[in-house]
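What follows is a short report on a single structure.
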Amino acid sequence: MKLLHIDASILGAHSASRQLTAAAVEQLRRQNPGLAVTYRDLAAEPLPHLSGDQLPPGASAVLSEFLAADIVVIGAPMYNFTLPSQLKAWIDRVVVSGQTFRYGAGGVEGLAGGKRVILVVSRGGFYGAGAPAAALEHLESYLSGVFGFIGITPEIIVAEGLQVSPEQRQKAMEAALAAAGALQAA
């Protein structure tokens, strides 16, 4: 079984999403000692943004890694109400017509179903359902839509309110680490 671990935070060792993806991957490794893990750090080794010279993206190494993985764990911090541009550059290489989706007479068909995707979302404020700023949440909703488009319903772990206070950060991280620690093998 193969796992692809993606981190996108620019905060390095200070990143909440990196801490949480590491915990999720470790939990899955404990349950499956033979798990082969491929790691991609999109902040340390950013992909160039998609350009006309790269269309169609085709069979890139990034797409090959994604297609080969049984499980994908993605650290997705919220930057300015949405995802980091580094993560968007990765998505642009994964959402590829004829590879992970296709259009047919009945509309779009996701081709990546059967793959498990675990999104680890971190947010400085409160943007979840019912929060006053919920209308500004374009990270979790975007990623759920993108993965749904290619045939995957992601599992989501959220740590939010991380910049509200030290107490809120601790509470949010403890809850998200507990969720990561409760992940079950597929």
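We count residues from 1, following the sequence as given.
- Tracing side-chain contacts under 4.5 Å through hydrophobic residues (I, L, V, M, F, W, Y), one reaches F81 starting from L139; they form part of the same cluster.
- Nearest heavy atom pair, residue R30 against residue P33, reads O-CD, 4.1 Å.
- Geometrically, K115 engages F66 in a cation-pi contact, judged by NZ or CZ lying under 6.0 Å from the ring centre and within 45° of the ring axis.
- Atom OG1 of T21 is separated from atom CG of L119 by 11.5 Å, given to the nearest 0.5 angstrom.
- No side-chain donor-acceptor contact under 3.5 Å links S17 to the backbone of A76.
- Between Y127 and E140, the closest side-chain pair of non-hydrogen atoms is not below 4.5 Å.
- In this structure, CD1 on I91 lies 12.0 Å from CG on L50, to the nearest 0.5 angstrom.
- Listed here is the closest heavy atom pair of A172 and L162: CB-CD2, 3.8 Å.
- Taking the side chain as every heavy atom from C-beta outward, M1 and I71 approach each other to under 4.5 Å.
- Aromatic ring centres of Y39 and H5: separated by under 6.0 Å.
- Judged by distance alone, with hydrogens and angles left aside, the side-chain atoms of D7 form no donor-acceptor pair with the main-chain N or O of D41 at under 3.5 Å.
- In this structure, R102 places its CZ atom where only 12 or fewer heavy-atom neighbours from other residues, nucleotides or ligands lie under 6.0 Å away.
- Pairs passing the ring-ring contact (aromatic ring centres under 6.0 Å, His included) check and including a residue from residues 151-180, sequence neighbours excluded, do not occur.
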query: What's the verdict on side chain to side chain contact (heavy atoms under 4.5 Å, CB included) for K171 and Q168, showing C-alpha distance, side-chain angles and the deciding distance?
result: CA-CA 5 Å; K171 178 181 168 185; Q168 173 56 35; 4.0 Å; yes
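- Using a 4.5 Å heavy-atom cutoff, the side chains of V72 and I152 are not in contact.
- Hydrophobic clustering (side-chain heavy atoms under 4.5 Å, transitive across Ile, Leu, Val, Met, Phe, Trp, Tyr) keeps F126 apart from L83.
- Nearest heavy-atom pair across L87 and I74 is CD1-CG2, 4.0 Å.
- A 4.5 Å side-chain heavy-atom check between P84 and P77 finds at least one atom pair inside the cut-off.
- Here the OG-CG distance, from S60 to L67, works out to 8.5 Å after rounding to the nearest 0.5 Å.
- Looking only at side-chain heavy atoms (C-beta outward), W90 and P46 stay at 4.5 Å or farther from each other.
- Residues satisfying the side chain to side chain contact (heavy atoms under 4.5 Å, CB included) criterion with Q163, sequence neighbours excluded, are R169.
- Cluster membership check: V120 does not share its hydrophobic cluster with Y79, using side-chain heavy-atom separations under 4.5 Å among Ile, Leu, Val, Met, Phe, Trp and Tyr.
- Using a 4.5 Å heavy-atom cutoff, the side chains of R40 and I6 are in contact.
- To the nearest 0.5 Å, atom CD1 of residue I157 and atom OG of residue S122 are 12.0 Å apart.
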Check your understanding: Going through the checks in order, is the side chain to side chain contact (heavy atoms under 4.5 Å, CB included) test met by S144 and I156?
Key -> CA-CA 9 Å; S144 293; I156 303 171; 3.3 Å; yes
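- In this structure, M173 CE and E160 CD are separated by 13.5 Å, a value rounded to the nearest 0.5 Å.
- The side-chain heavy atoms of L143 and P154, taken from C-beta on, include no pair separated by under 4.5 Å.
- Connection of I10 to L20 is not established within any shared hydrophobic cluster, with ILVMFWY side chains joined at heavy-atom distances below 4.5 Å, either directly or through further cluster members.
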The test is side chain to side chain contact (heavy atoms under 4.5 Å, CB included); show your working for R116 and L183 and say whether it passes. CA-CA 12 Å; R116 182 179 186 190; L183 288 170; 3.9 Å; yes
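- With R18 contributing its side chain and H14 its backbone, the two residues share no donor-acceptor pair below 3.5 Å.
- Cluster membership check: L47 shares its hydrophobic cluster with V146, using side-chain heavy-atom separations under 4.5 Å among Ile, Leu, Val, Met, Phe, Trp and Tyr.
- At least one side-chain heavy atom of V158 sits less than 4.5 Å from a side-chain heavy atom of R123.
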Check your understanding: Do E137 and V121 pass the side chain to side chain contact (heavy atoms under 4.5 Å, CB included) test, and can you show the C-alpha distance, the side-chain angles, and the key distance before you say yes or no?
Key -> CA-CA 11 Å; E137 191 289 309; V121 173; 5.8 Å; no
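- Interatomic distance, OG1 of T100 versus CZ of R93, reported as 13.5 Å (0.5 Å rounding).
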